[in-house]
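To keep things clear, I will list the structure first and then write my remarks on it.
Keep in mind that the numbers below use all heavy atoms, side chains included, and drop hydrogens, waters and symmetry copies.
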Amino acid sequence: MLLGLTGCENSATAYTVDGSEHAVMLMREQRYFWADEVEQAIVVARLPKCQRRVSIWPGSGDGPVMEVYEAGYRLWALHQGRRWYLASTEKCRVQDWADAPATPPGALVGSFRMRDGEMVFEPVAGAK
């Protein structure tokens, strides 16, 4: 039975904005080891005023990488593969961004990526 559970992923990784109560998180869950897709969700949190989890398009076991860009006041643009999302801790919303511009809207602050089999957030050097 334990052998059947290996290879499943259940992770939550945060880009911390202003301490532990203000963050944008990527949650990933692979329910069955034979599943090719990994369910994903973005959580925006600015406690105590905001905490919301929104499911996004599935990923794969190796990612793909999700880049995080500044896009405004308490607003971030998230780019993963062909998809873009907007995440706001001011309005406590996450949404698909179907009409994203050809170039990112702001500075890259970091990316969610797999490292040694674990999902991590890697900040850009010098990013706040």
Begin with the C-alpha distance, continue with both residues' side-chain angles, and end with the deciding distance and a verdict on side chain to side chain contact (heavy atoms under 4.5 Å, CB included) for Arg53 and Met25.
CA-CA 9 Å; Arg53 175 187 168 139; Met25 293 166 263; over 6 Å; no
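- Of all heavy-atom pairs between Val44 and Ala87, the closest is CG1-CB, 3.7 Å.
- A donor-acceptor contact shorter than 3.5 Å links the side chain of Gln80 to the backbone of Pro64.
- Between Arg93 atom CZ and Cys50 atom SG the span is 11.5 Å, to the nearest 0.5 Å.
- His22 approaches Trp76 most closely through the heavy-atom pair NE2-CH2, 3.9 Å.
- Note on Met27: it does not cluster hydrophobically with Tyr85, by side-chain heavy-atom contacts below 4.5 Å among ILVMFWY residues.
- Put simply, the side chain of Glu29 reaches to within 4.5 Å of the side chain of Arg31, judged on heavy atoms.
- What you find for Arg46 and Glu90 is that their closest heavy atoms are NH2-O, 3.6 Å.
- Atoms NZ and CG, on Lys91 and Leu86 in that order, are 10.5 Å from each other to the nearest 0.5 Å.
- Interatomic distance, Ile56 CD1 to Gln40 CD, rounded to the nearest 0.5 Å: 4.5 Å.
- The main-chain N or O of Ser60 is found under 3.5 Å from a side-chain atom of Arg28 such that the two form a donor-acceptor pair.
- At distances below 3.5 Å, not a single donor-acceptor pair connects side-chain atoms of Gln51 with backbone N or O atoms of Ala45.
- Considering only residues two or more places apart in sequence or on other chains, Tyr69 meets the ring-ring contact (aromatic ring centres under 6.0 Å, His included) condition with Trp84.
- Panel note: side chain Arg52, backbone Cys92; a donor-acceptor pair is recorded below 3.5 Å.
- Listed here is the closest heavy atom pair of Ala71 and Ala77: CB-N, 3.8 Å.
- Linking Ile, Leu, Val, Met, Phe, Trp and Tyr residues whenever their side-chain heavy atoms come within less than 4.5 Å places Val17 and Val68 in a single cluster.
- With a 4.5 Å cut-off on side-chain heavy atoms, Leu26 and Ile42 count as touching.
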Ignoring hydrogens and angles, write down the donor-acceptor pairs under 3.5 Å from the side chains of residues 100-122, residues two or more places apart or on other chains.
from: Ser111; atom 1: OG; to: Arg113; atom 2: NE; distance (Å): 3.2
from: Ser111; atom 1: OG; to: Arg113; atom 2: NH2; distance (Å): 3.0
from: Arg113; atom 1: NE; to: Glu122; atom 2: OE1; distance (Å): 3.1
from: Arg115; atom 1: NE; to: Glu122; atom 2: OE2; distance (Å): 3.0
from: Arg115; atom 1: NH2; to: Glu122; atom 2: OE2; distance (Å): 2.9

